[in-house]
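These notes are about the structure you will find just below.
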Amino acid sequence: MEEHLLLLIVLVSTAGIAAQWIAWRFSLPAIVILLAAGFLLGPLTRILSPEQNFGALLDPAIGLAVAIIVLEESLGLNFAELRASGRGIARIVGLGVPLIAAMGTAAAHFIAGLSWPIAALVGVMLVITGPTVITPLLRQAKLAHRTDSLLRWESVVNEPIGAVLTVIVLEFLVLWDAARQIEAPLTDVALSLVTGTLAAAAFGFGTAFAMRFMFYRGHVPEFLKSPLVLAVALLIYALSDVVQSEAGLIAVAVLGVALANFNLPEIEDLRRFKAALSTFLVSGVFIVLTANLDIETFLHLDWRAFAFIGAALLVVRPLAIGIATISSGLTWQERLFLGLIAPRGIVVAALAGFAGTRLAGSGYDGAEMVAPLVFSIIIVTVVLHGLIMGPLSRFLGLASERPPGLLIVGASDWTVALTKALTRLGTPVVLSDRSGAALRPAEGIAVTTHTGHLLAMEEEEEELLLETEFLLAATEDDAFNALVCQKFAPEFGQQNVHQLAYADRSETAQRFHREWRGKIIIAREATLAELNRRLSEGWRFELKPVRDEDTREALDPSPDSSIPVVLVKTGGGLLFASPESEFSPDVQGTLVVFQAPAAAEKAGAKHHQPRAGR
């Protein structure tokens, strides 16, 4: 029995991460693959029957996992970032959230026929749109800068807000159900809810303040900070939940929000640690919750349920966003697009499944419909919005025509010359340096410049990077190059961050582990000093079409005369010449080559040679 249970736990964990990898590999929303995995392991094959397999451990295990998910979401709710995100997002959050919740509640009651308490729970869940599902869709759709920014910011902000609201409503329903069984008056329930919520919030805030004090005073070593936050979050979740059911999630949410707004130097490390753990847990939890669903419940969804789903997508959100963004400075096309596009993700599914298990057997009419309704909305929005986002953005004139951009860190003679070559091919380039004087040679080039420290960017500066997908760190500081690559690897992808060869020729530096730096481009001998020296000797950049040749050969450097640097692919995107990259033989485009004077003159003569017969 124990061996069977161990195999099931390993199966769920492996299937969850495999689903995440498949989604990344094929640029699909992870929730689609996780849904398929959950249905395959659960209702379709019955390999996994969570209630039977895990028994009494199922609810507390899911509760702990949801607590970690809520903590990770709340760590992303920084009020300073919200204020800097612009008037449009402030309206969408400040007015849109209560409007969507209120109108969604009314629709769930009058159209789907749910009782008011359950309708309120479903209504607040409609608020949540998460970055885990919107980000892959945005990569595919390639929207205009402002529209892309609005959808990203909304998903980042609304997910923790919606999660906290869902937890509050769920706590109220659990308390009310318990009070009804002993015939306690509603005023007692409300008082208990307010008291318990305030106590849990105070507990969470006090714990966050204590941890801030310990971090600032150096009472916690670096390697223990993230594990300590996790352990403390689980502790306050358990203690608060013992005092009052579901109050633990409130305490954890407040803990995360407080830590996010205390301006701790460690906050990025905390977010990364919790994001990785949350991804692992949410994948497994989602498969377990999906496997626990009863297909017959979906088959019993009547016309009222489908009418509610249609109203939620085509009436509630568009109308709420339309009202909220009046006089916000957004065009009608942007307001319509924001109203129609709102795919729901893994977090709302986890909360719906969690709420469904907590309310199972309660006296609320329609409690058993929470999970099927929410999961149906998730499936419809992911599939429908994935199909229409691109065509709709083009129809409304909100699609971006810009190819993927490149962020070059470090302004030097060589990087400025490379920037000129890339801009000739239409590749958007952001050239960043800590010195404004170093950026002056780039004046007059069609390039965006950024003066400042990339490791400490202001929120408004991050807007420069919205349409940037590739990075080249090319400063004289090897450690800084590695740090920049490490910072942006989670956003751009480890395969898309690059740096020049190390100037430090020591054996230790050359063996610097791949995960702590970017890909070395060209060769390990091509340092910035060497490339600048060759540029001063007359080397220059040339453009070479790559059509019939094998890409591997085209990107193979000949250091004495010709150095391939980057291939600008015909379909968009960049492929840097690197000994650490694998190349597909059928990639075509234009190759940017760094050539010696004699080789450049020969190539130019060949390019301008008159055709026979003229």
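Keep in mind that this is a model prediction, so the values were computed, not measured.
- Rounded to the nearest 0.5 Å, atoms CZ (F205) and CZ (R212) are 8.5 Å apart.
- Nearest heavy-atom pair across A320 and G96 is CB-O, 4.4 Å.
- Smallest separation of non-hydrogen atoms from T129 and A342: CG2-CB, 3.7 Å.
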Legend entry - Chi angles and distances behind the side chain to side chain donor-acceptor pair (under 3.5 Å) call for S328, R91: CA-CA 7 Å; S328 64; R91 289 289 196 88; 5.1 Å; no

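- Residues L407 and S432 have side chains in contact (heavy-atom distance under 4.5 Å, counting atoms from C-beta outward).
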Legend entry - Intermediate values then yes/no, side-chain contact (heavy atoms from CB on, under 4.5 Å), I118 and H109: CA-CA 8 Å; I118 299 300; H109 176 71; over 6 Å; no

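- Ring orientation note: the planes of F110 and W116 are nearly perpendicular, at an angle over 60° on the 30°/60° scale.
- When side chains are defined from C-beta on, L313 counts as touching T381, because their heavy atoms get closer than 4.5 Å.
- Applying side chain to side chain contact (heavy atoms under 4.5 Å, CB included) to I128 and the options T166, I100, V97 leaves one that passes, T166.
- Using modelled atom types, one side-chain atom of R335 and one backbone atom of G322 make a donor-acceptor pair closer than 3.5 Å.
- A distance of 12.0 Å separates CG of L392 from CG of L387, quoted to the nearest 0.5 Å.
- With hydrogens and angles disregarded, a donor-acceptor distance shorter than 3.5 Å links the side chain of T423 to the backbone of T419.
- Residue F172 holds its CZ atom at 12.0 Å from CG of L121, rounded to the nearest 0.5 Å.
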Legend entry - From CA spacing to verdict: salt bridge (charged side-chain N to carboxylate O under 4.0 Å, His left out), E443, K420: CA-CA 11 Å; E443 293 178 358; K420 290 179 181 178; over 6 Å; no

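- Heavy-atom contacts from other residues, nucleotides or ligands closer than 6.0 Å to NZ of K569 number more than 12.
- Taking CG of L314 as the start and CG of L340 as the end, the distance is 7.0 Å to the nearest 0.5 Å.
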Inset, instruction - Apply the test side-chain contact (heavy atoms from CB on, under 4.5 Å) to residues Y364 and L359: give CA-CA distance (whole Å), side-chain angles for both, the deciding distance (0.1 Å), then the verdict. - result: CA-CA 8 Å; Y364 296 113; L359 294 176; 4.3 Å; yes

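- Between L301 and S376, the closest heavy-atom pair is CD1-OG, 3.5 Å.
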Inset, instruction - Please assess D433 against T451 for the test side-chain contact (heavy atoms from CB on, under 4.5 Å), listing each intermediate value before the final yes or no. - result: CA-CA 5 Å; D433 198 281; T451 305; over 6 Å; no

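- Within the 4.5 Å cutoff, no side-chain heavy atoms of T105 are placed close to those of V122.
- M103 is listed as a side-chain neighbour of L319, based on a closest heavy-atom distance under 4.5 Å.
- Ionic pairing of E154 and R317 is present here: one or more N-O contacts between side-chain nitrogen and carboxylate oxygen are shorter than 4.0 angstrom.
- For the pair D148 and L398, the minimum side-chain heavy-atom distance is 4.5 Å or more.
- Of all the heavy atoms in A19 and L34, the pair that sits closest is CB-CD2, 3.5 Å.
- For the side chain to side chain contact (heavy atoms under 4.5 Å, CB included) criterion with L406, the lone passing option out of V566, L472, T468 is L472.
- Residues L114 and M369 come closest through the heavy atom pair CD2-CB, 4.1 Å.
- Looking at I377 and F308, their side chains come closer than 4.5 Å, going by heavy atoms from C-beta outward.
- What you find for T290 and L35 is that their closest heavy atoms are CG2-O, 3.8 Å.
- For the pair I92 and I321, the minimum side-chain heavy-atom distance is below 4.5 Å.
- To the nearest 0.5 Å, the span separating CD1 on I287 from CG on N292 amounts to 13.5 Å.
- In this structure, the ring of W332 has its center no less than 6.0 angstrom from the ring center of F337.
- The distance from the CD atom of E334 to the OG1 atom of T325 is 9.5 Å, given to the nearest 0.5 Å.
- For the pair V430 and I408, the minimum side-chain heavy-atom distance is 4.5 Å or more.
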